[in-house]
Amino acid sequence: MQVDIPLGFQERLKDRGNPLVEIYMTSSEDSIPFIQHLERQYQVKTNIITAQIDYIGEMKFGVILAELSGDTDNITASLSYLKEQHPQTKILGYV
């Protein structure tokens with residue numbers, strides 16, 4: 001499963017700024033409330049750019065492309081949390 005970076009974001013990619021992250025998840029993970037957790041625990045806002053969610057039977061899985069914004073230290077801490085909870089999380093660039 002893959003999501004493409006929309007053209008408008010591709011043109012804005014740079015070396016610094018708000019991270020553009022790709023987050024993979026499955027329903028077997030405690031993944032649903034992670035956006036709320038980032039806001040409450042780290043004061044980091046999550047702007048979902050695009051997502052693809054599919055089902056196989058009762059199992060839900062997907063990938064989310066999101067921009068994280070907030071204080072630099074809080075973003076760093078939130079990225080550590082995301083990588084711990086969703087090991088395939090990766091930074092695609094910065095906007």
Side-chain angles (χ1 to χ4, degrees):
M1 180 170 290
Q2 177 181 338
V3 292
D4 295 322
I5 301 172
L7 184 58
F9 280 87
Q10 289 179 24
E11 294 170 349
R12 292 175 41 205
L13 286 177
K14 52 190 175 186
D15 295 333
R16 305 171 82 197
N18 293 335
L20 190 61
V21 295
E22 185 175 64
I23 306 161
Y24 286 89
M25 62 183 63
T26 66
S27 63
S28 64
E29 300 169 349
D30 189 19
S31 58
I32 302 304
F34 83 90
I35 293 174
Q36 183 180 23
H37 181 77
L38 294 181
E39 178 126 9
R40 286 186 178 169
Q41 183 71 28
Y42 301 103
Q43 293 77 50
V44 169
K45 294 197 183 294
T46 304
N47 177 22
I48 296 176
I49 308 305
T50 188
Q52 183 176 352
I53 308 295
D54 285 320
Y55 291 85
I56 296 180
E58 296 293 316
M59 182 151 168
K60 180 170 52 171
F61 62 97
V63 59
I64 295 174
L65 180 64
E67 174 187 357
L68 304 181
S69 62
D71 176 79
T72 303
D73 291 337
N74 291 353
I75 289 174
T76 300
S78 71
L79 285 168
S80 293
Y81 166 79
L82 280 173
K83 289 176 181 179
E84 180 181 305
Q85 298 297 311
H86 310 281
Q88 294 180 342
T89 297
K90 60 183 170 183
I91 299 173
L92 302 178
Y94 298 86
V95 291

Novice: Can I get a per-line list of side-chain donor-acceptor pairs under 3.5 Å for residues 65-73, giving both atom names and the distance, sequence neighbours left out?
Specialist:
unit_1	atom_1	unit_2	atom_2	d
E67	OE2	N18	ND2	2.9
D71	OD2	D73	N	3.1
D71	OD2	N74	N	3.3

Novice: With a 6.0 Å cut-off (strictly less than), is the heavy-atom count around CG of L7, excluding the residue itself, greater than 12?
Specialist: yes
Novice: Which heavy atom in E22 sits nearest to a heavy atom in L92, and how many Å separate them?
Specialist: CB-CD1, 3.9 Å
Novice: Mind checking the NE2-OH spacing from H86 to Y24? Nearest 0.5 Å is all I need.
Specialist: 13.5 Å
Novice: Compare every heavy atom of V44 with every heavy atom of S78, then report the nearest pair and how far apart it is.
Specialist: OG-CG2, 3.8 Å
Novice: Any idea which heavy atoms bring G17 and K14 closest together, and the distance?
Specialist: CA-CE, 4.4 Å
Novice: Establish whether V63 and I53 are linked, either directly or via other cluster members, by ILVMFWY side-chain heavy-atom contacts under 4.5 Å.
Specialist: no
Novice: Nearest 0.5 Å, please: how far is CE in M25 from OG1 in T89?
Specialist: 7.5 Å
Novice: Heavy-atom distance under 4.5 Å between the side chains of T76 and Y81, does that happen here?
Specialist: no
Novice: Does a side-chain heavy-atom distance below 4.5 Å link I64 with V3?
Specialist: no
Novice: Partners of K45 by salt bridge (charged side-chain N to carboxylate O under 4.0 Å, His left out), sequence neighbours excluded?
Specialist: E39
Novice: Would you call the rings of Y42 and H37 parallel, tilted or perpendicular, where under 30° means parallel and over 60° means perpendicular?
Specialist: perpendicular
Novice: Between CD1 of I35 and CG of N47, what distance do you get to the nearest 0.5 Å?
Specialist: 9.5 Å
Novice: Find the distance between OG1 (T26) and CD (Q88) and round it off to the nearest 0.5 Å.
Specialist: 9.5 Å
Novice: Once you round to the nearest 0.5 Å, how far does CG of L20 lie from OH of Y94?
Specialist: 10.5 Å
Novice: Might you point out which heavy atoms bring L79 and P19 nearest each other, and give the distance in Å?
Specialist: CD1-CG, 4.2 Å
Novice: Within this structure, what is the CD-CG distance for the pair Q52 and D4, rounded to the nearest 0.5 Å?
Specialist: 9.5 Å
